[in-house]
Amino acid sequence: MSNIVADRRVHPGTIAIRFLKAAPRTILAVPAIIAVASNRGVLGGLAVAAAVGLVALLFQWLHWRNFRYGVGAHEIVIESGLLNRNRRSIPFDRVQDVDIERALLARIFGLAKVRIETGAGGKDEGVLDSVTTGEADRLRAAVRAWRVGESAVFPDAEAGAAGVAAPIETGRALLFEMPLSRVLLFGIFDFSLVYIGGVFAVLQTLDDPLKTVLGIDIYDAGRWMGIADKATHSRISVAAIVLISVLAILLGAVTSVLRVLARDFGFRLSAEGDRFRRERGLLTRTEAVIAKKRVQLAYVESGPIRRLFGWFWLSFQTLGEGNDGSGHQVAAPFARRDEIDPILAETARFRLPPAPELVMVSQRHIIRALIRTLSLPTVAILVASIAWRPALFLLVLLPLLGILAALERRFHRYALDGDLLFVTRGVLKQRLFVVPVSSMQSMNVVRGWLQRRLGVASLAIDTAGAPMTKSPRIIDLPLEAAQALAAEISARRRVMRDARRA
């Protein structure tokens, strides 16, 4: 049991921040409270609502009062709980770094949320919500001082309350940043048809109320404009649908730009010794750390339009689950090829390959891709046509799906070069995986029913933290090639393991 005294509390502003965050749920309950107290009148209902608010404030105050933490020379201790007290001790040697997040409410109060990153399965082992920015800086400085072998001296509680700032760090090298103009351009390129669907869903929701209340059909402009002539009426209705479609596209584009602006405004990626530091966000400013030694693989993505203009998305897969519930960590969301190379070079483990080094998988991959892509849609259309004959017209879309399936092999390539495996996949959204041999946890040569008859196999490669949807799987290699590649990777892993032991 640690003998460190947990004698610090988070800032009292935490009470207001937590209460305001929970306020929307409380507000939704107010109408029900007023309805229950309707026999007492509006004032009685408001009095009940005020009482509920006071009770909520009381619980937030009790949570704040019973949450304490302490910082020693080698660990951080956190105590919490009202009835059942919980004491967590987090040694500095498990702490990857201290991430700082400043949401809009926290910035109003001059506070920040501190997340002690340990990489332990994504659990929030240490979250301080909220402390002064000076306190957050001092806590991070204490952890880093311990890491470099210095004494982790932390100011006393009085100095922390006074807001004395920690010394400004040096040794940070800027690798990548996105000015406002690039963020806005990224928002335009990040446009998705999902946004159009959302806009039309809203219009469809409003259609019936407008018809009932105002007698307006938003898709029948000629009628609500009072035009009786059928030809003119038809032309105006078609024009209204076109106009609504154009507006939906514009609203979708604006929504995309605003979303990217809120998330990636002021994006900066810096290198600090053995880690990357990423800062981004407009209303909520986040500061996250990516430890280089915990990066298991890198992948570069690009859609057809982005690729045409030379824009790419670089991400890392790391050990642990990170702040977003997965090991996915964005390093450069909208970058040129020459901007990605220095970031990968900074890890000393990754690089992008020259295109000629990659080789395609078996030609029989086309057969499997066609069967896999066309079978289910064909059956679905034929079954639907039994009840609705016009569904057969959807069969004209199958050749397009067949073309995309046939093109899969052209973009599915691989290469084992030194201590790195490169795998590319995808027709519309192309993704390049860069996987160090040392990061591979296991390899399996997999053969399905059809693959056995075609004489091909897939090489499934597992890395720590990588989800199935973003795994570097090589599909439909000739069986002998799959077995030889697996054997070669295993041999190189053994050589590297023996070299480390020596």
Side-chain angles (χ1 to χ4, degrees), residues 2-23 25-26 53-92 94-118 120 122-146 152-166 279 281 283-289 323:
S2 172
N3 59 0
I4 297 175
V5 178
D7 57 353
R8 296 170 180 262
R9 288 194 177 103
V10 293
H11 194 276
T14 303
I15 302 172
I17 291 175
R18 292 175 63 91
F19 176 76
L20 291 174
K21 285 181 178 179
R25 296 191 296 270
T26 305
L54 289 175
V55 171
L57 270 176
L58 175 62
F59 274 104
Q60 297 300 343
W61 178 80
L62 289 173
H63 180 276
W64 169 80
R65 186 177 183 276
N66 288 276
F67 187 97
R68 297 169 180 259
Y69 68 99
V71 182
H74 303 284
E75 61 183 337
I76 300 170
V77 172
I78 297 176
E79 293 182 359
S80 61
L82 181 58
L83 299 179
N84 297 322
R85 297 293 291 171
N86 180 30
R87 180 182 173 93
R88 299 190 300 278
S89 177
I90 308 175
F92 283 163
R94 290 182 52 212
V95 177
Q96 297 301 311
D97 211 308
V98 178
D99 294 344
I100 300 174
E101 177 183 312
R102 301 190 67 201
L104 180 59
L105 282 174
R107 292 167 70 177
I108 292 174
F109 287 91
L111 304 176
K113 175 188 285 188
V114 173
R115 190 185 303 272
I116 302 170
E117 176 63 47
T118 64
K123 297 180 180 179
D124 292 337
E125 289 195 80
V127 175
L128 306 180
D129 185 10
S130 301
V131 298
T132 64
T133 54
E135 181 83 348
D137 290 337
R138 282 187 296 276
L139 182 57
R140 184 165 59 189
V143 172
R144 293 181 177 180
W146 182 90
V153 179
F154 199 75
D156 57 27
E158 289 74 15
V164 179
E279 305 167 71
L283 300 180
T284 298
R285 189 71 181 169
T286 61
E287 194 174 331
V289 169
N323 298 344

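Predicted model, so just to flag it, every value in this text is computed and none were measured.
Taking the side chain as every heavy atom from C-beta outward, T132 and L111 approach each other to under 4.5 Å. Between F59 and V55 there is a side-chain heavy-atom pair separated by less than 4.5 Å. Within the 4.5 Å cutoff, no side-chain heavy atoms of T286 are placed close to those of D99. At least one side-chain heavy atom of Y69 sits less than 4.5 Å from a side-chain heavy atom of V131. Counting only heavy atoms from C-beta outward, the side chains of H11 and E135 never approach each other to under 4.5 Å.
Take P91 and apply the side-chain contact (heavy atoms from CB on, under 4.5 Å) test, not counting sequence neighbours, and it matches D93, R94. The side-chain contact (heavy atoms from CB on, under 4.5 Å) test applied to R68 returns A6, R9, not counting sequence neighbours.
Considering every non-hydrogen atom in both G110 and R102, the closest pair reads CA-NH2, 4.1 Å. Nearest heavy-atom pair, V10 versus L128, reported as atom, atom and distance to 0.1 Å: CG1-CB, 4.2 Å. Closest heavy-atom contact between N66 and G81: CB-O, 3.6 Å. Taking each heavy atom of I100 and A112 in turn, the nearest pair found is CG2-CB, 3.7 Å.
Between atom CG of residue L54 and atom CG of residue L58 there is a gap of 9.0 Å, rounded to the nearest 0.5 Å. A distance of 8.5 Å separates CZ in F92 from CD1 in I116, rounded to the nearest 0.5 Å. Note: L57 CG to I15 CD1 = 8.0 Å, rounded to the nearest 0.5 Å.
Classified by interplanar angle (parallel below 30°, tilted 30° to 60°, perpendicular above 60°), the ring pair F67/H63 is parallel.
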